[in-house]
Structure formats: structure tokens, C-alpha cells
Amino acid sequence: MPSLEIRDLFVALSATPDKPIVKGLTLTIRTGEVHAIMGPNGTGKSTLSKAIAGHPDYVITSGDVLLDGKSILAMEPDQRARAGIFLAFQYPSEIPGVTIANFVRAAVQARLAEGEDLDATAYYKRLYSKMDLLKIDRKFTSRAVNEGFSGGEKKRCEILQMAMLEPTFALMDETDSGLDIDALRIVAEGVEAMRGDKFGVMLITHYQRLLDYIVPDFVHVMYDGRIVKSGDKSLALELEAKGYDWIKQELATA
Amino acid sequence: MSAPALSSSALPGLDSVLFAAHLSERASLPAWWLEAKKAAWNQFLALPQPSRTDENWRFSNLKDLNLDGFTLPEDASQKIASSATFPQTAELVFSNRQLVTRSTLPADLAAKGVIFAPLDEALRDHGDLVKQYFQKHPASLGSEKFVALNTALTASGAFLYVPAGVEVALPFVIQHTLTGANVATFPHTLVVLGPRAKATVVEFFVSGGTATERQLAAGVNDLHAAEGAQLTYVGAQHWSRETLSFQVNSIAVERDARVLALNLHLGGRQSRHESHSRLLGPGAHSEMLALTVASGAREFDQRTLQTHIAPNTTSNLLYKNALLDTAKTIFSGLIIVEPDAQKTDAYQKNRNLMLSDEAEAHSLPGLEIRANDVRCSHGSTSARIDSEQEFYLQARGINPTEARRLLVSAFFEEVLNKLDDEVLHSALTALIASQFKR
Ligand SMILES: Nc1ncnc2c1ncn2[C@@H]1O[C@H](COP(=O)(O)OP(=O)(O)O)[C@@H](O)[C@H]1O
Ligand SMILES: [Mg+2]
């Protein structure tokens with residue numbers, strides 16, 4: 001079964017490699033599983049997900065990330081993506097001048113064999129059906145990527161890309177923040193539609209409410225660069241009720 | 001293979017023997033033309049090479065402007081593929097000094113008096129018309145020596161004349177292909193639009209053979225738009241990696257006429273482009289656009305002048321350069337507003353997108369305003385490519401080269417969007433994209 005294995009990972013900013021942000025994190029995600037990662041702001045959740053995707057601002061100082069048992073650390077970001085890892089950004093970039101249609105098309109084309117041409121008709125058919133599912137107006141295909149999008153539109157656009165690219169593992173970084181309840185439900189339905197034994201998710205969130213719609217198999221609490229507590233979905237409810245101070249106190253007394 | 005260093009003694013070169021032979025082949029052309037060629041040849045010989053003290057050549061690489069060792073090419077024997085991938089009205093393809101393809105002008109246009117012919121033929125059949133417009137408003141931005149050489153030696157010229165009131169939808173295409181090592185070409189394009197005429201001209205400059213042949217191109221194009229005429233001109237320069245290129249463009253815009261000139265600079269080792277627009281009558285508008293993909297160790301040297309002579313005229317210049325590797329670009333632009341040109345609205349902008357820390361972009365914008373009631377602005381910006389955008393594209397599986405191509409296309413969109421013709425727009429996008437396939 002495909003797996004994404006994070007082994008005792010230390011991540012720092014490339015500029016300050018001696019100051020780790022992620023400090024020895026270990027987690028294995030298999031396809032068919034949804035792992036929720038919860039934790040206070042500044043604890044290193046985004047750093048973890050961007051480092052796995054290969055963001056050049058970060059350096060992995062020790063540990064490893066393995067996809068189906070093979071280290072991905074020597075791979076470029078685009079190779080990691082084509083190998084099946086998808087990062088849904090907390091803050092997606094705006095790219096003026098590149099339309100959604102051309103952007104997604106380039107991403108789909110990148111996955112075809114050398115010399116193989118994209119079937120444009122089939123592509124648009126698929127794109128439109130995913131857009132309909134996510135209740136994104138078809139006019140968006142000719143809009144520049146994320147330019148002038150509301151927070152909710154940006155997040156839906158991330159899910160659209162994920163639906164089009166069908167990754168094996170998705171790293172979803174606070175896809176729920178900034179969404180109203182309707183948008184949250186649409187995004188959750190989009191993820192649920194992909195759920196199955198060929199797809200694994202690392203779902204970073206602050207809030208329990210997303211987990212009402214995407215019920216996780218595991219919940220992990222991340223604090224100060226590490227996973228400090230793991231459990232099932234009841235852990236999320238407990239966190240919601242007691243807040244993170246409860247974890248901090250538990251750590252202090254331990 | 002790098003450019004072989006040739007001394008002037010190794011090859012005949014562009015000397016007086018060669019000029020005399022060129023002239024004698026054209027003995028049947030009008031006398032005024034032959035005189036003009038002789039005068040131009042003498043001017044070429046008399047004018048000095050550009051020098052460091054010349055403001056027009058500030059920042060330019062002067063040491064490689066040497067014309068030693070270049071000669072005229074053999075006549076072309078092989079068939080040349082057309083660069084135009086879009087529907088067109090008619091086409092003239094020159095290979096080396098020869099016209100190799102000429103499509104027939106649609107009969108209705110010919111009946112209306114449209115002329116689209118090689119320059120030599122136009123000189124024979126419409127000599128007075130050519131004489132009236134040939135170098136009527138010469139550009140003087142530093143390359144006068146090379147313009148003189150062009151007049152003296154041009155063999156691959158094109159003449160387009162669209163009479164009053166005639167509108168032509170599809171582009172006229174002119175292509176210059178140069179094949180061989182150490183050879184030179186002198187393209188000359190003369191476009192005359194009568195009052196209220198409308199036309200589009202697309203001109204391609206391409207090297208045949210290998211991409212590494214040392215070549216010289218010294219081209220001139222003169223664009224005239226009479227009262228109320230609308231001209232779109234696109235020049236796409238895609239010379240070989242070792243080509244030394246000069247291209248001098250003059251644009252004359254009469255009352256209420258509009259000229260859009262877009263130059264695409266992709267090839268060459270060192271490429272100098274001069275463009276001078278004159279706003280001659282009230283209501284005239286000139287749109288001066290350029291897109292450059294500066295890669296490798298290429299130098300692109302662009303000099304512009306917007307001269308507002310009549311009142312109520314507008315001009316808008318937007319030159320965008322994408323710089324990669326160790327490439328160098330120079331933009332030097334001047335807006336001159338003459339005393340009578342009140343209510344001028346002139347704009348000039350150079351924007352550089354830096355894709356490499358080792359690339360070098362120079363920008364020298366300037367204004368010279370002699371009227372008091374005008375709106376003029378100019379500016380230049382240089383920005384590094386956004387690394388977050390690059391990562392975002394790569395995180396979707398798009399390889400770094402393709403990611404850069406997308407970001408460069410995005411940067412260029414603002415300029416390409418000024419073309420009304422969607423088909424032409426996508427053809428140019430594809431041509432630019434081909435620069436990134438390595
Ligand atoms: N690119 C960056 N530049 C500077 N500091 C950063 C950067 N990325 C992360 N950090 C710092 O690392 C810590 C963890 O940040 P982050 O991974 O964004 O946390 P989270 O996503 O859990 O809120 C914070 O102190 C943050 O300021
Ligand atoms: Mg975060």
C-alpha cells in the first residue's frame with residue numbers, strides 16, 4: 001500500500017539551518033487514511049508541509065521523507081509533485097497573466113509522457129465537471145490564477161487543482177481558514193469525493209468544525225515542531241473543549 | 001562552435017568591388033535609385049564606426065560591431081519554409097538575396113490598387129511612389145552608417161501600398177531567411193497606407209542552416225500612415241545565435257492615423273534596434289511595443305524616439321525585456337515634444353523581468369518638452385522573478401523551464417493583448433514559447 005513516511009524530521013529555514021522549526025517529527029500516512037494535524041499558530045505546520053513539497057526557503061537538516069519507501073529529498077519540487085504529492089497552500093500565490101485554464105492545463109500536460117499531447121476537449125470536459133462539483137463559475141477558467149480571488153475562491157481553486165491532478169497524497173494546509181460555512185461544506189465535499197483507498201491526506205487545521213465534514217482517521221497534536229499527542233477524532237473534540245493550554249500543561253508536568 | 005575570428009583579408013568583405021557588382025546587376029532600375037545607392041555607399045564609407053563618446057551608443061558593446069569578413073550570400077537554391085502559421089493576405093519570402101516565394105495578391109485587392117511587391121519590382125513599376133516615401137523620415141538614433149549600408153546594398157526589399165479607404169483584414173507577410181556563414185543581408189521594408197486605409201504587416205527575420213553561423217543583418221523599415229489610416233506592424237527577429245543585427249524603424253503618423261508597431265526580439269548575438277516615431281498631424285497615435293527574450297550571452301540594445309510635432313497627438317511606448325543567463329539589455333528612450341505640439345499625451349515605459357542574477361538591464365528614459373500644455377510620463381522598472389510564483393507552479397508538477405516560460409508569457413501578456421488579432425497573438429505566443437524549449 002502506498003505510504004508517505006516522515007521520519008524524525010528536522011526542518012529549518014535555509015538562512016538559519018541551526019535553528020530548527022520542525023524538531024524530530026515522525027508520522028506515516030497510508031492511502032485510504034486522513035490524518036488531521038492540529039496545533040497552535042507558529043508551531044511549524046506550514047513549515048512541515050512546504051518542506052515536504054520542496055520549498056527552497058527550507059532545509060531538512062536531518063531525518064527523511066519517504067514515498068513508498070524511497071526518499072524524496074533529492075527530488076526537485078516538480079518531481080515530487082509528479083510523483084504524487086500535492087500541497088494545498090495556506091496562502092496560494094497570485095499569478096497575474098496566467099489563466100486558470102492554462103495553468104491547470106500546464107500541470108496536466110506535465111504529467112503526460114514526452115511527445116504525448118493533451119486532448120483539449122476531454123480536458124475541458126473534466127475541468128468543467130470538477131468546477132461544477134466545487135461550485136466554481138466556469139468563467140473562472142479565463143481568470144488569472146488567484147488574482148483578485150476572495151479567500152474562499154482561492155481555497156476552492158486549490159481543491160480544483162487537486163481534483164484535476166489526482167495526487168496520491170495531499171498535504172492540505174489550513175484549507176478551511178477564511179471559509180464561511182457554505183464554502184467549507186463545498187471544499188469538504190470535494191475532498192470527500194476523492195477519498196478512497198488510492199488517496200491519503202494530511203489535513204492541517206485549527207478548527208474542529210472541518211472535521212465534522214471530513215472525519216479523520218487519526219488526529220495529531222503538533223506543538224513546538226513535534227507531534228506531542230495522537231488519537232482518534234475524539235482528540236479533536238477534546239482540544240476544542242479544553243484548548244491548547246491543556247496540552248502545554250500536560251507537557252510541562254510530564 | 002564559437003564565431004571564427006576572421007580578418008578582412010580572409011574574405012572579400014563588403015568592399016567597393018562588391019558594391020560595384022551589386023550596382024551593375026541593377027542597371028535597369030531608375031537612375032535616381034542608383035544615384036541614391038551610390039550616395040549611400042559613399043556615406044557608409046565616410047561615416048565613422050560608433051564610438052564610446054557617442055551618447056547614442058552608451059552601454060553598447062562596440063568592439064563586436066566590426067563588419068570585417070562579411071560578404072554577400074550565394075543565391076539560395078533550397079526551398080524555404082514559411083514562418084507564418086496563420087492565415088494571410090499575401091506573402092513574400094526572401095532567402096538570402098532572392099525572392100523565393102511570392103503568393104498572388106487577391107484579385108479584388110489588386111483591382112483596388114493595392115501593391116505588394118519586391119522593392120526592385122516596385123522601383124521599376126511604381127518608381128515615383130517609392131521615391132516619394134523612401135527614407136522620407138529617416139530615423140537618426142546612431143545607426144546612420146548601417147542604414148546607409150542598407151540603402152547601398154539592399155536586394156531583399158518589400159513594398160506595400162494600400163490606397164485610400166482600402167481595408168485589408170489578414171496580414172501581409174514578409175520573411176527574410178539568411179543561410180550561410182559570414183554572410184550579410186539588408187532587408188528593406190517600405191509600407192505606405194493611404195488615407196483611411198487599414199492593414200497589418202508581419203515581418204520575420206530568421207536564419208536558415210545551423211544556429212551558430214556568424215551572420216550580419218542590417219535592416220530598415222519605414223512605415224507611413226496617411227490621414228486616418230490604421231497600421232499594425234509586427235517584426236519578429238529570430239536570427240541565429242551568432243548574428244550581428246541592426247534594425248532601424250521609422251514611423252510617420254499623419255492626422256488621426258494610428259500605428260501599432262510590435263517588435264519581438266528573440267535571436268542574434270548582438271541586436272541593435274532603433275525606432276523613431278513622428279506624430280505629424282493632430283489626433284495621430286503611435287503605439288510602440290517590444291518584447292525581448294534575452295537569453296544566453298546576447299545583447300539587445302534598443303533606442304527609441306517619440307517626436308510629437310503636431311498638437312493633440314498621443315504616443316505610448318511599452319518595452320518589456322525578460323532577461324536570463326548572462327544576457328544584457330539596454331533601453332534608451334526619448335520623448336520630444338515640439339513647441340507646437342500642445343496637448344500631447346506621451347507615455348514611455350521599460351519593464352525588465354530578471355530571471356538571473358547575472359543578467360544586466362540598463363534603462364535610460366528621457367524627456368525633452370518644449371511645449372507647456374502636455375502630459376508626459378516615463379519610467380522603468382526591474383523586478384526579479386517571483387520565487388513564490390515559481391514554487392507554486394513547480395509544486396503543481398510543472399518543470400522549472402516551463403514554469404519560467406509561463407511566467408514570462410504572463411509578463412508579456414499586457415503587450416500581446418494590445419493586438420486585436422487573436423490568431424496572430426497566439427502565433428507570437430508560440431514563437432516566444434519556442435525560445436524556452438531547450
Ligand atoms: N519563510 C519564513 N521566514 C521566516 N520565518 C518563518 C518562515 N517560515 C516559518 N517561519 C517561522 O517558523 C515558525 C513556524 O511557522 P509556520 O510553519 O508557519 O507555523 P504554523 O503553520 O504552524 O502556524 C514561526 O515562528 C514562523 O515565524
Ligand atoms: Mg501555517
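Just so you know, these numbers use all the heavy atoms, side chains as well, and skip hydrogens, waters and symmetry mates. Proteins come first, then strands; the chains are lettered A, B, ... in the order of their sequence lines, and each starts at number 1.
Interface remark: of the candidates Glu94(A), Glu158(A), Met162(A), Glu158(A) forms the most heavy-atom pairs closer than 4.5 Å to chain B. Between chain B and the options Pro92(A), Ala107(A), Ala110(A), the largest number of non-hydrogen pairs under 4.5 Å is found for Ala107(A). With chain B as the partner, the residue from His55(A), Arg82(A), Gln161(A), Lys50(A) showing the most heavy-atom pairs under 4.5 Å is His55(A).
For a residue to count as touching a neighbouring chain, one of its non-hydrogen atoms must lie under 4.5 Å from one of that chain's; by this rule Glu413(B) touches chain A with the side chain only. Proximity to chain B (any heavy atom under 4.5 Å) is restricted, for Val145(A), to the side chain, taken from C-beta onward.
Annotation for Asp420(B): atom CG does not count as buried by contact number, only 12 or fewer foreign heavy atoms lying within 6.0 Å. Annotation: Lys349(B), atom NZ; neighbour count of heavy atoms from other residues, nucleotides and ligands within 6.0 Å is above 12.
Considering all non-hydrogen atoms of both residues, Pro96(A) and Ala410(B) come closest at O-CB, 3.2 Å. In plain terms, the two heavy atoms of Gly397(B) and Ala81(A) that are nearest each other are N-CB, 3.4 Å.
Proximity of Glu388(B) to Asp57(A): side-chain heavy atoms (C-beta onward) are separated by under 4.5 Å at one or more points.
Taking the six-membered ring where tryptophan is involved, the planes of Phe89(A) and Phe391(B) are perpendicular, since the angle between them exceeds 60° and thus also 30°.
Rounding to the nearest 0.5 angstrom, the gap separating the CZ atom in Arg80(A) from the CD atom in Gln394(B) is 11.0 Å. Atom CG of Asn399(B) and atom CG of Asp78(A) lie 6.0 Å apart (nearest 0.5 Å). The CE atom of Met164(A) sits 13.0 Å away from the CZ atom of Arg396(B) when rounded to the nearest 0.5 Å. Atom CG of residue Leu393(B) and atom CD1 of residue Ile95(A) lie 4.0 Å apart, to the nearest 0.5 angstrom.
The contact list for residues 190-203 of chain A toward chain B, using heavy atoms and a distance under 4.5 Å, is empty.
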Could you walk me through whether Tyr91(A) and Tyr392(B) satisfy the side chain to side chain contact (heavy atoms under 4.5 Å, CB included) test, starting with their C-alpha distance in whole Å, then the side-chain angles of each, then the deciding distance to 0.1 Å, before giving a yes or no? CA-CA 10 Å; Tyr91(A) 303 109; Tyr392(B) 189 66; over 6 Å; no
